[in-house]
Amino acid sequence: MANKRSGGGLTGTQQAAKFIGVSVLSGAVLAGLALPAAGALGLAAKGTVEGFDTIPANMKTPPLSQRTTILDAEGGQIATVYSRNRTVVPLKDISPHMQRAIVAIEDARFYQHGAVDPKGLLRAANTNAQGGGVKQGGSTLTQQYVKNVFIEEAGDDPTKVAQATQQTIGRKVRELKYAIQVEKELGKKKILENYLNITFFGQQAYGVEAASKRYFSKSAKDLNLEEAALLAGIVQSPSIYDPVNNEKTATLRRNTVLQRMADIRSITQQEADEAKAKPVQLDLSKPKNGCITSVDGAGFFCDYVRKTMLSDPTFGKTTEERQRLWDLGGLTIRTTLDPRAQEAANEAATAKVNKDDKVAAAVVQLEPGSGKILSMGQSRPYGLDSSRHETVLNLSVDGKMGGTTYGFQVGSTFKPITAAAALEKGLSPAQSFSSGWKIDMPLNSFTECSGSPAGSGTWAVQNELKSETGSWDMTSALGKSINTYFAKLEQMTGLCETVEMAQKVGYKTGKGKKIPEKPSITLGSIESTPLSMAAVYATFANRGTYCSPIAIESVTTAEGKNLKVPKSRCTRAMSERTADTVNQMLKGVVEDGTGTQAGLSDRDNAGKTGTTNDRKDAWFVGYTPNLATAVWVGDDIGEKTSMFNIRIGGRYYDKVCGGCLPGPIWKIAMTGALDASETPSFAPVDVPRGDARDGSEDERDGDGDRRRKRDRDRGDDDGDQGGPFPGISLPPGVIGGLDGGGSNRGGSNGGPANDTGGRN
């Protein structure tokens, strides 16, 4: 039914719309469509008055996508991000040259006609008929604005964009209806302002202000004649007339605009000729958009926030809903990032590893008890320029969140999980095992959660040094990282119980899949991520309660509405006494074990070293009661590099170990992040000791320090490379993280013989 005024009759505008619908759409409107005459006659029926009147009267103009601001925990700006590089400006802040240029080339009769220009339509129809195709469009600037609104509403959805730009009579009718309404409600100046702010000018620049900044590094109000003509010429085809990549074509197009301005007397012919004689002079500026502009090396954390917004159902049930929210922007995102911790993490990651080294370092920190991610740092800067050793690969997280495909094998940093499982089952820290440096264990002595044996045949497990024979209790085995002990401890505790404890403390595989039930898990053969390991050790620091990591504290829309955000989920993984016992045992690692170089002298702290197959990954994960930090060092590009005889950060290493490189990085990160005035202590607990008699005593002097001193003289003072506290003890070529060096004597049913390190 036709829309009517209160007096009962149609308005003049509506009558004009009917006239256009009947007389123009049947032919002239099709000037902008690549349709044959026969097809045009058929489609014209859809443009009758009745069909026209069914179009909704109110045009829904979506808000233009805006900048989103990401803040740290203290309110400082980390970065601004947007899907559209756009800054909306009023018409008074747009150069008169620009206003005249866009009108001249896109709609010279803009100020003389209404929403539709019948003369322009007929002229275009005639031109297209003579040319046998679409040579000229008949859309007015107002119609183009309406189409751009539809495109803006479609966002980056290719299907919706196609629908918004499809060459059909139905779209043209709808466009005309809204154009008439826009002309009535907004007026010419506002239409021109909106058009110049919404239009795409190529090079990711939406709106004239962003385009002016991109091409000329100046505001739109300062554009001169030839610059304005260049920008106006781009609009018809941003890719063809791109002055950055097609300067010659863009120059010809600019000159066409200038001549058109002279033809309609917007400028004089002399002004046009003088401007055409000048070469195109660009002054390009790089848009400051996205995580690449983050402060203090926080680009990886920023990207993690972005991926959280796009993947967490809290921000929308579907991928499309979340993407729409992000693209629309206008959000203020308050994050958990602690500026002090981030600065410390960034300093630590780059202090010992250079950006152009063969290997990279990653540092991530969590607050125990809250799950808040406080920092993410890497030795390679965040960015896309590989020639500058930049990367967007977040080494702290899994592939879903922008990290590596598999994660990294964690080596001996897994052993405290086995210890916790054993304590929860009732085993005492005094539990002792005696063994030679190498043992064979039947795979069928390990039982999966289904009740099935973990395999057939045997699992060969060995320590790093042949001298590592004797008897160990849980404390000494953790301090010296004895593989044979933890294989036996897992056997006594149960493979299923060990895997279940890993799940409880937040151990996630690098691929996000179910944790494989393999005996070699106790030696760190299953890949994980630095973020996951930091969360695991934060559980110990939090006296046995695991809190899932979070990065976002609040999200506020442009209208001031607070959105729901993901909350940390805290669940008890073990008793407080179990956690307290693990804390006391891991204190020994940094006091006189494999992590002595990492130990903090002014507060309670604990941690564990880890090194994997052929030293392809090296770790130190440690904590105080109020901060947990994971450090990983390894090859992040291509085939994994074994870290033997390698120069890293300007220093030569004959072999990299968890205590000698990740350990000192950890110490820098912790020292910088912690407040010297806050020194909470671990809960005291008595840890019973058992029979611990190291078979390598014959290599020491009376106080047991001879070999340690010798190793320190060689630069191996962390103990991972020998000494009374060898950091990682593994089979040949497998350092503190894998099973029996590739041996699976007769085993063929799921045995761990083929576990290898180094995949990313």
Side-chain angles (χ1 to χ4, degrees), residues 70-81 288 290-307 333 335-357 359-367 372-386 388-397 401-404 408 529-531 533-534 549 551 598 600 618-624 626-634 636 648-651 661-676:
I70 302 177
L71 306 175
D72 62 32
E74 296 181 358
Q77 182 172 302
I78 298 173
T80 57
V81 298
K288 293 184 178 180
C291 294
I292 198 168
T293 64
S294 298
V295 299
D296 294 327
F300 299 100
F301 177 84
C302 172
D303 192 60
Y304 183 82
V305 169
R306 181 181 72 87
K307 285 186 167 59
I333 304 174
T335 71
T336 60
L337 189 78
D338 180 89
R340 176 173 176 168
Q342 179 57 40
E343 183 178 2
N346 195 53
E347 177 188 356
T350 57
K352 302 288 184 179
V353 182
N354 295 334
K355 66 179 182 179
D356 57 350
D357 285 337
V359 298
V363 179
V364 62
Q365 297 179 299
L366 287 180
E367 181 180 74
K372 293 179 180 179
I373 303 173
L374 303 181
S375 70
M376 284 183 181
Q378 289 186 197
S379 56
R380 302 196 203 281
Y382 183 86
L384 298 169
D385 190 346
S386 59
R388 299 174 61 183
H389 309 286
E390 294 176 349
T391 182
V392 294
L393 186 69
N394 189 342
L395 301 173
S396 292
V397 301
M401 300 302 290
T404 62
F408 310 105
T529 65
L531 178 59
M533 294 309 297
L600 307 175
W619 294 78
F620 191 90
V621 189
Y623 55 98
T624 63
N626 55 345
L627 182 64
T629 300
V631 176
W632 168 88
V633 175
D636 61 328
I648 303 174
R651 175 184 170 183
L661 182 53
I665 292 174
W666 180 88
K667 187 172 185 178
I668 294 171
M670 293 290 286
T671 302
L674 289 167
D675 187 334

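One-based numbering along the sequence shown.
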Item to check | Where at least one partner belongs to residues 297-306, residue pairs that pass salt bridge (Lys or Arg N to Asp or Glu O under 4.0 Å), sequence neighbours excluded | outcome: Asp303-Arg306, Asp303-Lys307
Next on the checklist: Could you check whether any side-chain N or O of Thr671 sits under 3.5 Å from a backbone N or O of Ile668, counting only pairs where one atom can act as donor and the other as acceptor?
Outcome noted: no
Next on the checklist: Testing the basics here: between Ser379 and Ala360, what is the closest heavy-atom pair and its distance to 0.1 Å?
Outcome noted: OG-CA, 3.3 Å
Checklist outcome for this item: So CE of Met401 and CZ of Phe300: to nearest 0.5 Å the spacing works out to 14.5 Å
Checklist outcome for this item: Correct closest heavy-atom pair for Pro530 and Leu395 would be CD-O, 3.2 Å
Next on the checklist: Once side-chain contact (heavy atoms from CB on, under 4.5 Å) is applied, do any residues pair with Asn346, and if so which ones, sequence neighbours excluded?
Outcome noted: Gln342
Checklist entry - Taking only residues two or more places apart in sequence, or in another chain, which ones meet Arg340 in a salt bridge (charged side-chain N to carboxylate O under 4.0 Å, His left out)? => result none
Checklist entry - Which residues pass the side-chain contact (heavy atoms from CB on, under 4.5 Å) test with Val392, sequence neighbours left out? => result Tyr382, Leu384
Next on the checklist: Tell me whether Asp385 contacts the main-chain N or O of Glu390 through its side chain, where contact means a donor paired with an acceptor under 3.5 Å.
Outcome noted: no
Item to check | salt bridge (charged side-chain N to carboxylate O under 4.0 Å, His left out) partners for Asp72, two or more places apart | outcome: none
Checklist outcome for this item: What one should report as the nearest heavy-atom pair of Ser294 and Cys302 is OG-CB, 3.4 Å
Item to check | Validation row: Val364, Met533 side chains within 4.5 angstrom (heavy atoms) | outcome: no
Next on the checklist: Rounded at 0.5 Å granularity, tell me how far OH in Tyr623 sits from OG1 in Thr629.
Outcome noted: 12.5 Å
Next on the checklist: Using 0.5 Å steps for rounding, measure from the CG atom of Leu531 to the OH atom of Tyr304.
Outcome noted: 5.0 Å
Next on the checklist: Measuring from atom CG of Leu71 to atom OG1 of Thr80, what distance do you get when rounded to the nearest 0.5 angstrom?
Outcome noted: 10.5 Å
Item to check | Partner residues of Trp632 under the side-chain hydrogen bond (donor to acceptor under 3.5 Å, both in side chains) criterion, sequence neighbours left out | outcome: Asp617
Checklist entry - By side-chain hydrogen bond (donor to acceptor under 3.5 Å, both in side chains), which residues pair with Ser375, not counting sequence neighbours? => result Gln365
Checklist entry - Can you name the closest pair of heavy atoms from Ala669 and Ala345 and give their distance? => result CB-CA, 4.5 Å
Item to check | Flag, side chain of Thr293 to backbone of Ala79, donor-acceptor distance under 3.5 Å | outcome: no
Next on the checklist: For Glu367, give me all partners under side-chain contact (heavy atoms from CB on, under 4.5 Å), at least two apart in sequence or on another chain.
Outcome noted: Ser370, Lys372, Leu374
Next on the checklist: Restricting to non-hydrogen atoms, name the atom on Phe301 and the atom on Met376 that form the minimum distance, rounded to 0.1 Å.
Outcome noted: CA-SD, 3.9 Å
Checklist outcome for this item: By side-chain contact (heavy atoms from CB on, under 4.5 Å), Leu674 pairs with (sequence neighbours left out) Leu600, Arg603, Thr624, Asn626, Leu627, Met670
Item to check | Nearest heavy atoms of Leu366 and Ala534, plus distance in Å | outcome: CD1-C, 3.7 Å
Checklist entry - Do any pairs count as a salt bridge (Lys or Arg N to Asp or Glu O under 4.0 Å) and have a residue in residues 342-356, sequence neighbours left out, and if so which ones? => result none
Checklist entry - Distance from Asp636 atom CG to Thr391 atom OG1, nearest 0.5 Å? => result 6.5 Å
Checklist entry - Would Phe620 and Ile665 satisfy side-chain contact (heavy atoms from CB on, under 4.5 Å), going step by step from the backbone distance to the final call? => result CA-CA 9 Å; Phe620 191 90; Ile665 292 174; over 6 Å; no
Next on the checklist: Tell me whether Asp357 contacts the main-chain N or O of Val359 through its side chain, where contact means a donor paired with an acceptor under 3.5 Å.
Outcome noted: no
